[in-house]
Protein chains: 2
Amino acid sequence: MSVVDAAASVFCREGYAGANIDLISAEAGVSRQTVYNHHGDKRNLFVAVVRDLTERCNAGIFATIATFPDQPADLEADLIAFAVRMNRNCICNRDGRFLRKLIQAEGERYPELFAEWREQGPGRTWSALAARFARLAFAGHLSIGDPDVAARQFLALVNAELQITFMLGGIPTEEEVLRSATNGVRTFLAAFARKKSPAGKQAALVHA
Amino acid sequence: MSVVDAAASVFCREGYAGANIDLISAEAGVSRQTVYNHHGDKRNLFVAVVRDLTERCNAGIFATIATFPDQPADLEADLIAFAVRMNRNCICNRDGRFLRKLIQAEGERYPELFAEWREQGPGRTWSALAARFARLAFAGHLSIGDPDVAARQFLALVNAELQITFMLGGIPTEEEVLRSATNGVRTFLAAFARKKSPAGKQAALVHA
DNA sequence: ACAAATTTAGACAGCCTTGTCCAATTCGTC
DNA sequence: GACGAATTGGACAAGGCTGTCTAAATTTGT
């Protein structure tokens, strides 16, 4: 395990103040001196960890968003599968859990450190996802007012049942992820599936 | 400020490991010795803080759930107002923010400490809220499959836009809370408002 | 095989923190 | 005002952590 990876693990488990270099070097399988040689400083090492996690997480998120179902065969099934991928590859995986925990624990103390994440992470991520939903709406698969709102609500719904697990730093089972995603997507589609306008015209435009 | 309150503040700001008794006693306006006289131990003081926060938060949540609109005049407006109350009184207030942060930061390290919270907090809370939604459904105001799922999704939707702010420990503005609640409730109602069953019988049972 | 670069173990000073002890002071109550 | 209880400030030992230093060992490149 690389030094930065070990450091990420220890920082997350023990918090910045509680982490000590001996633990990190032991977990990385190198001597303490090597840690100092490479990163000079505890603070510096922490910065490297955050950068590393931010980068990998963003890459993972964008890679996953690229698999968004633009031409869905079965909209519900495709969105559920997408939600499950999102969870597995971006939110529940090692990097996602670690970054989330570091942001929660140290975000207030090092605002400048996470400013980069704030802009490049959620900012771009949500925009990208919103664009995909807008495209689905444009293609007639959904009826969406504000795509940004819809994207945020999609993520919120799909993770609704995993909140406590996340809060306690746990890892939901595959089954929990699937259940939460299924329930979330069904509600999402109940709200946004293309259907009558508020007035209630039902049978228009069924030319699929 | 009481010792426990000051300790809560410092533990949240600095984390358990980073908090030191001098800071706490200074913030509480007492001598360090007094802190030790009252609570004996750093660990002990931390336990007292968690108990205190858990208790007050649960009380607040149940008091707020008691204001759930059972006989709504305007369902959307009433649910939005309820959601705003929930946020303001339980989630964004001092106790809510502090407890959340402590759970996130130290929940893994002291599982037995937060087990009580886990059972009495989210467990009972969500059941209580689910019961209220079930009642609304029974009275014909909503069309809900699983009230527990609906309750969790309600909370998730209503907070969908506040996630990042919460993650970074910030306090959303009154306006942000209202906006998130409004968007969330609208989507919730779009999904759960009483209307045709999946098959499509529309005009049944309108005897309000 | 050899030289340079890197890694290692250990010792070390400096600092901070916890938790205890104690004498002096303040406070609450009668 | 007087007495007991609580609070205070300060000193203190014990221990932990950071970051540096050094000399030996190991790896790497050629």
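So you know, we letter chains A, B, ... as the sequences are listed, proteins then strands, and number each from 1. Below, all heavy atoms of this structure are taken into account, side chains as well, without hydrogens, waters or symmetry copies.
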> Counting side-chain heavy atoms from C-beta on, which of C:dT7, C:dG19, C:dT20 comes nearest to B:D41?
Replying inline: C:dG19

> Under 4.0 Å between a side-chain N or O of A:H38 and OP1 or OP2 of C:dT7?
Replying inline: yes

> Are side-chain heavy atoms of A:F11 and A:K42 found at a separation under 4.5 Å?
Replying inline: yes

> Relative to the 5' end of DNA chain D, which residue comes earlier, A:G40 or B:Q33, by the nucleotide with the nearest heavy atom?
Replying inline: B:Q33

> Between C:dT18 atom C1' and B:N44 atom CG, what is the distance in whole Å?
Replying inline: 14 Å

>> Could you tell me the boundaries of the chain B footprint on DNA chain D, defined by atoms under 4.0 Å from its heavy atoms?
In response: D:dT7 to D:dA11

> When you check the gap from the basic side-chain N to the acidic O, do B:R13 and A:E108 get nearer than 4.0 Å?
Replying inline: no

> Does A:R100 count as lying over the ring of A:F166, i.e. NZ or CZ under 6.0 Å from the six-ring centre, within 45 degrees of the axis?
Replying inline: yes

>> Tell me the closest heavy-atom pair linking A:Q153 and B:N183, and the distance in Å.
In response: NE2-O, 3.0 Å

> In terms of side-chain heavy atoms, does A:Q163 have a donor or acceptor partner in A:N159 at a distance below 3.5 Å?
Replying inline: no

> Which residues within residues 9-22 of chain A lie with some heavy atom under 4.0 Å of an atom in DNA chain C?
Replying inline: none

>> Using whole Å, what does the distance between atom P of nucleotide C:dT17 and atom CZ of B:R32 come to?
In response: 10 Å

> Is there a side-chain contact between B:T187 and A:T187, using heavy atoms and a 4.5 Å cut-off?
Replying inline: no

>> Nearest to the side chain of A:N37, heavy atoms from C-beta on, is which of C:dG19, C:dT7, C:dT20?
In response: C:dT7

> Any ion pair linking A:D52 and A:R56 (charged N to carboxylate O, less than 4.0 Å)?
Replying inline: yes

> Should the pair A:E76-A:R186 be classified as a salt bridge under the 4.0 Å nitrogen-to-oxygen rule?
Replying inline: yes

